[in-house]
Amino acid sequence: MNTAQFIPETLSEIVADVVFTWKTPSNIALVKYWGKSNPQIPKNASISFSLKNCHTITTIEFSKKEKTTAVDFELYFEGKQKQEFRPKIIEFFERVEEYCPYIFEYKMIINSKNSFPHSSGIASSASGLSAIAMCLMSLEHELNPSLTKEFIYKKASFLARLGSGSASRSIEGPLVVWGKHPAISGSSDLFGIQFPYKVHPVFKNYQDAILLVDKGEKQVSSTLGHHLMHEHPYAENRFQQANENVSRMSEILQNGDLKEFVNLVESEALTLHAMMLASTPYFVLMKPNTLEIINRIWAYRKEHDSALCFTLDAGANVHVLYPESEKESVNQFIENQLSRYCQKNHYICDNVGYGAIQL
Ligand code: PMV
C-alpha cells in the first residue's frame with residue numbers, strides 16, 4: 001500500500017502564525033464497517049451518506065516555535081478545556097506524526113464544538129477528527145502551496161482514518177466509499193473517496209432523522225467491538241457479505257430502486273448488531289425503544305407504501321432514512337408516533353450533505 005505518497009518531501013514555505021477553521025460532517029453508513037486490522041485497515045468496504053446538520057466546527061491556531069519531540073497543544077471543547085478528550089487526540093497525533101512532521105514545530109490551540117448535543121449518542125469522532133485533519137492539511141498547503149485540492153482531500157481522509165476509521169468518510173459527500181473494492185473504481189483501504197458513479201435523483205437531498213433513544217455513554221466502545229471481530233465465528237462471512245452489499249448498494253444508488261435500498265439498509269443495520277450479539281463476550285446496544293421504533297417503522301411502511309427505513313450505528317439511536325418527497329408525512333409520523341420513544345422526545349432532522357467546508 002502506497003503510504004509514502006503522504007510523507008511530505010518538500011515544505012518550501014516558512015509559515016509563522018496561522019489560524020484555520022473547518023466544518024466537517026458526521027456520516028451514517030449504509031453498508032457498515034465493523035472489523036479492522038492494523039493500522040486502521042478495514043476488513044471490508046463501507047459506504048455512507050455524509051450529513052449536513054450534524055457537524056463539528058474546529059479552529060486550530062498554529063504558532064511557530066522551536067522544534068520539540070512532543071506535540072504541544074491545548075484542547076478546548078465548547079470553550080472549556082477538556083482533559084478527558086486529550087488521550088484520543090494524543091493518540092491521533094502519534095499516528096499521523098510520520099505524515100505531518102511539521103506538527104512538532106507549532107504550538108496548536110484547538111477549539112472545537114459540535115452542532116449536536118454532547119453525549120447524544122451521536123458519534124463525534126468522525127466529524128471531530130476529520131475537522132482536525134482538514135486544519136492540518138490547510139497548514140500543509142501553506143507550507144507547500146503546490147499541493148492540489150484533490151491531494152489535500154485525499155490526505156485529509158487518510159489522516160482522519162488513522163484517528164477513527166469512519167472519520168475517513170467525513171471529508172467529502174454526499175456518498176463516500178472507504179475500503180478497496182473491485183466494483184468501485186479508485187477505492188482504497190487508506191482513504192475514503194466520493195462515490196464515483198452517477199447517483200439516481202431520488203437520493204438527492206435524502207433525509208435522515210436521528211431519534212435519540214439513549215443519550216448515555218456507550219457501554220461498549222467501537223474499538224472493542226472491532227476487536228471482537230478477530231475471534232468472531234461469523235467474521236469472514238460477514239466481511240464477504242459486506243463487500244457483496246457494497247456492490248449491490250452501488251447498483252441501487254445508480255438505478256434508484258428504493259425497495260432494494262430499504263431491504264439492504266435495514267439488513268446491514270441488523271447484521272451489525274447481530275455481530276455484537278454473537279461476539280465473545282456478547283453485548284446488546286439496542287434498547288427496548290429501539291425495537292419499538294423499528295416495529296412502528298415497519299407498520300408505517302406497510303400501511304403507507306412508504307420508502308422510509310431505519311439504520312443503526314453502534315448504539316441505541318435510530319436513524320430514519322426517507323426520500324425528500326416523503327418529508328412532510330414522515331416528519332409528522334416521527335413527531336406524533338416515534339418521538340415518545342426518544343429521551344426527552346429529542347430527535348434531530350438532518351439530510352445528506354456535501355462534506356467539509358472551510359469557514
Ligand atoms: O470509526 P469507528 O471505529 O468508530 O467505527 C464505526 C463503526 C460503525 O459506526 C458502527 C459503522 C460505520 O461504518 O460507521
Side-chain angles (χ1 to χ4, degrees), residues 24-51 54 56 85 88-89 91-92 95 116 120-133 157-173 175-179 181 184 187 189-193 195 208 210 214 217-230 232 235 238-239 241-243 245-246 249 264-277 279 283-286 290 310-319 321:
T24 57
S26 183
N27 71 74
I28 180 68
L30 303 172
V31 177
K32 310 288 181 182
Y33 145 64
W34 197 241
K36 63 178 171 182
S37 52
N38 271 334
Q40 302 274 94
I41 299 298
K43 291 286 194 181
N44 61 261
S46 57
I47 181 162
S48 54
F49 271 140
S50 299
L51 298 180
C54 290
T56 297
F85 293 172
K88 179 108 189 153
I89 305 299
E91 188 182 40
F92 170 71
R95 289 180 185 175
F116 44 90
S120 59
I122 298 179
S124 56
S125 60
S127 53
L129 291 164
S130 55
I132 296 179
S157 173
F158 170 82
L159 298 175
R161 180 200 110 242
L162 290 169
S164 158
S166 57
S168 68
R169 300 189 313 243
S170 275
I171 300 290
E172 297 192 79
L175 284 154
V176 177
V177 179
W178 169 47
H181 191 285
I184 309 288
S187 58
D189 284 345
L190 298 179
F191 46 81
I193 59 158
F195 180 67
D208 178 7
I210 307 161
D214 183 19
E217 279 281 306
K218 273 192 268 179
Q219 307 124 295
V220 179
S221 69
S222 61
T223 307
L224 179 59
H226 287 293
H227 187 72
L228 293 175
M229 289 302 278
H230 287 308
H232 199 292
R238 163 59 195 155
F239 302 144
Q241 178 203 45
N243 279 328
N245 285 349
V246 166
M249 185 54 79
L264 191 50
V265 166
E266 292 190 345
S267 167
E268 271 292 313
L270 294 177
T271 304
L272 169 71
H273 283 255
M275 291 298 111
M276 300 171 189
L277 300 177
S279 295
F283 58 105
V284 186
L285 295 184
M286 289 188 279
T290 311
F310 69 85
T311 187
L312 306 167
D313 244 334
N317 295 339
V318 183
H319 288 247
L321 301 177

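Numbers here simply count residues along the sequence, with the first being 1. Just so it is clear, the model here is predicted, and its values are computed rather than measured. Both counts, for ligands and for their atoms, begin at 1 and track the order of listing.
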Sorted by chain and number, sequence neighbours left out, ring-ring contact (aromatic ring centres under 6.0 Å, His included) with Phe49 holds for Tyr206
| request: Without swapping roles, check the side chain of Lys43 against the backbone of His230 for a donor-acceptor pair under 3.5 Å. | output: no
Discussion item. Could you check whether any side-chain N or O of Ser48 sits under 3.5 Å from a backbone N or O of Ala29, counting only pairs where one atom can act as donor and the other as acceptor?
Written reply: no
Between His319 (side chain only) and Ile28 (backbone N and O only), is there a donor and an acceptor less than 3.5 Å apart? no
For Trp34, the ligand 1 atoms with a heavy-atom partner under 4.0 Å come out as 7 (C), 10 (C)
Taking only non-hydrogen atoms of Gly165 and a 4.0 Å limit, the atoms of ligand 1 in range are 1 (O)
Ligand 1 atoms nearer than 4.0 angstrom to some heavy atom of Ser164 are 1 (O), 2 (P), 4 (O)
For Ala29, the atoms of ligand 1 under 4.0 Å from one of its heavy atoms are 12 (C), 13 (O), 14 (O)
Atom 12 (C) of ligand 1 has as its nearest protein heavy atom Arg169 NH2, 3.3 Å
| Does any N or O in the side chain of Glu268 come within less than 3.5 Å of the main-chain N or O of Val31, such that one atom is a donor and the other an acceptor? | no
Residue, atom and distance of the protein heavy atom nearest atom 3 (O) of ligand 1 read His226 NE2, 3.1 Å
Nearest non-hydrogen protein atom to atom 9 (O) of ligand 1, with distance, is Asp313 OD1, 2.9 Å
Looking only at protein heavy atoms, what sits closest to atom 1 (O) of ligand 1 is Ser166 OG, 2.6 Å
Looking only at protein heavy atoms, what sits closest to atom 11 (C) of ligand 1 is Tyr33 O, 3.4 Å
Ala314 heavy atoms within 4.0 Å reach ligand 1 at atoms 10 (C)
Would you say the side-chain atoms of Arg169 pair up with the backbone N or O of Trp178, donor to acceptor, closer than 3.5 Å? no
For Ser164 and Lys88, test the side chains for any donor-to-acceptor distance below 3.5 angstrom and give the result as yes or no.
-> no
Quiz prompt | N/O donor-acceptor pair under 3.5 Å between Thr56 side chain and Thr24 backbone | solution = no
among protein heavy atoms, the one nearest atom 4 (O) of ligand 1 is Ser222 OG, 2.9 Å
